[in-house]
Number of protein chains: 2
Amino acid sequence: MLLSNTCIYGLRASVLLASKDGEKFVTIRELSNELHISFHFLTKVLQLLTKSELLTSYKGPNGGVKLARPASEITFMDIVVSIDGKNIIKECALGLPGCGEIASCPLHDEWVAMKGNILKMMHSVSLEQLAQSKNPGQSNVLADLKSLTA
Amino acid sequence: MLLSNTCIYGLRASVLLASKDGEKFVTIRELSNELHISFHFLTKVLQLLTKSELLTSYKGPNGGVKLARPASEITFMDIVVSIDGKNIIKECALGLPGCGEIASCPLHDEWVAMKGNILKMMHSVSLEQLAQSKNPGQSNVLADLKSLTA
DNA sequence: GTATTTTAAGATAAAATACTCTTAAATATT
DNA sequence: AATATTTAAGAGTATTTTATCTTAAAATAC
């Protein structure tokens with residue numbers, strides 16, 4: 001799989017946060033309830049995003065987490081990099097460590113193009129876009145985000 | 001990552017086999033030496049390919065493994081499916097289990113298109129093509145296959 | 001048939017990932 | 001100050017992936 005489970009949890013929580021009032025702190029308990037993700041585990045995941053300064057957190061009553069920047073300014077990619085790191089797609093489809101530097105494997109060009117497309121998409125899609133589905137044929141992602149367990 | 005380590009080992013060994021005389025059995029010991037992969041682990045990996053009938057194996061002296069079909073008739077995809085299964089790329093980038101059935105997340109269309117491209121490439125590239133680099137600018141993949149450790 | 005070569009299979013170990021539980025620290029309310 | 005709320009941090013557990021080691025089974029050669 002391209003993204004770890006942990007990363008997908010982080011993405012879902014971020015999109016959910018993006019759908020809420022960006023000023024208020026939202027408790028991780030609330031997020032974990034709506035997303036059906038274990039509270040303790042989600043806490044760990046969101047700590048990563050907080051350390052990366054994509055989220056701001058606040059302890060104590062009325063505390064919680066919120067996006068550190070407007071949802072339009074945080075990309076899918078930001079979340080992915082924060083949790084899974086920069087190398088989610090290997091340089092070479094065959095895992096050849098030297099591929100592309102001096103010589104390349106036969107898949108190289110196609111692979112680089114596809115990798116580029118995926119990264120480009122991740123970079124160009126914001127949490128705001130993910131939170132509000134714009135195409136008429138598509139329902140809001142939030143319904144799925146919340147209702148599904150598996 | 002898209003493909004497991006195990007799968008990449010299987011791919012490398014298959015490409016190496018494709019570069020050799022397709023009639024003779026090649027010992028796993030020889031493959032593991034050339035690829036710098038642990039003999040015992042490679043044995044396990046190739047057992048999967050043998051079970052999937054992509055390789056033929058033979059025990060005893062002068063035994064080993066060889067491709068079950070001509071290298072031109074075995075695809076990158078065949079190897080990947082045999083080792084990592086059919087679902088190497090999730091339906092939905094956000095891991096939403098229901099995405100695409102009734103409603104879709106905002107990434108859906110782009111994601112499906114990219115997934116299709118990757119699968120198409122894997123399906124259209126044969127072991128023969130991987131074994132003999134055809135583009136002048138590209139070195140043969142075998143040099144990398146053999147020489148690199150990591 | 002005995003020894004040798006080689007894959008097959010199983011048991012075990014190590015590492016990475018996923019997840020849980022407990023305690024500490026910070027903040028707010030009373 | 002005392003208590004409740006909430007994130008942070010750390011320790012611990014479980015599962016999956018990766019890798020190793022041992023033994024068994026099959027085939028050959030002598």
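What you see is a predicted model; the values in this text were computed from it and never measured. Quick note: numbers below take in every heavy atom, side chains included, and nothing from hydrogens, waters or symmetry partners. Throughout, a chain's letter reflects where its sequence line sits, starting with A, and its residues are numbered from 1.
Within the nucleic acid shown, Ile28(B) comes within 4.0 Å of sugar-phosphate atoms alone, with no base atom in reach, counting heavy atoms only. Contacts of Phe25(B) with the nucleic acid, taken as non-hydrogen atoms under 4.0 Å apart, are absent.
Candidate nucleotides dT4(C), dT27(C), dA9(C) were compared by shortest atom distance to the side chain of Pro61(A), and dT27(C) ranks first.
Ring pair Phe76(B)/Trp111(A) is tilted by interplanar angle, where 30° to 60° counts as tilted.
Contact check, Tyr58(B) against dT5(C): no side-chain N or O comes under 4.0 Å of OP1 or OP2. Phosphate contact (OP1/OP2 of dA18(C), side-chain N/O of Thr6(A), threshold under 4.0 Å): present. Put simply, Thr27(A) has no side-chain N or O that comes within less than 4.0 Å of OP1 or OP2 on dT6(D). Dashed line: the shortest gap from a side-chain N or O of Ser4(A) to OP1 or OP2 of dT17(C) is not under 4.0 Å. When the side-chain nitrogen and oxygen atoms of Tyr9(B) are compared with OP1 and OP2 of dA19(D), one or more of them lie within a distance under 4.0 Å. Ser57(A) has a side-chain polar atom (N or O) that falls below the 4.0 Å cut-off from OP1 or OP2 of dA8(D).
A 6.0 Å sphere centred on CD of Glu53(B) holds no more than 12 heavy atoms belonging to other residues, nucleotides or ligands.
Whole-Å rounding puts the Lys24(B) NZ to dT7(C) C1' distance at 20 Å. Distance Leu46(A) CG to dT7(D) C1': 10 Å, rounded to the nearest Å. The distance from atom CZ of Phe39(B) to atom P of dA9(C) is 14 Å, rounded to the nearest whole Å. In this structure, NE2 of His40(A) is placed 17 Å from P of dG10(D), rounded to the nearest angstrom. Put simply, NZ on Lys44(A) is 14 Å from C1' on dT13(D), counting in whole angstrom units. One atom, CG of Asn5(A), and another, P of dT20(C), lie 12 Å apart when rounded to the nearest Å. Residue Lys66(B) contributes atom NZ, which lies 16 Å from atom P of dT6(C) at whole-angstrom precision. One can place CZ of Phe41(B) at 8 Å from P of dT20(D), the figure rounded to the nearest angstrom.
Side-chain N or O atoms of Lys66(A) include one that pairs as donor or acceptor with a backbone N or O of Glu23(A) at under 3.5 Å.
Both Cys7(A) and Val65(B) lie close to DNA chain C; mapped to their nearest nucleotides by heavy-atom distance, the more 5′-ward contact belongs to Val65(B). For Leu42(B) and Arg29(A), each mapped to the nucleotide of DNA chain D holding its nearest heavy atom, the one lying further toward the 5' end belongs to Arg29(A).
Expressed to the nearest 0.5 Å, how far CG of Leu55(B) lies from OG of Ser14(B) amounts to 5.5 Å. Taking OG1 of Thr56(B) as the start and CZ of Arg69(B) as the end, the distance is 10.0 Å to the nearest 0.5 Å.
In this structure, dA29(D) and dT2(C) make a Watson-Crick or G-U wobble pair, each of the two defining distances being under 3.5 angstrom.
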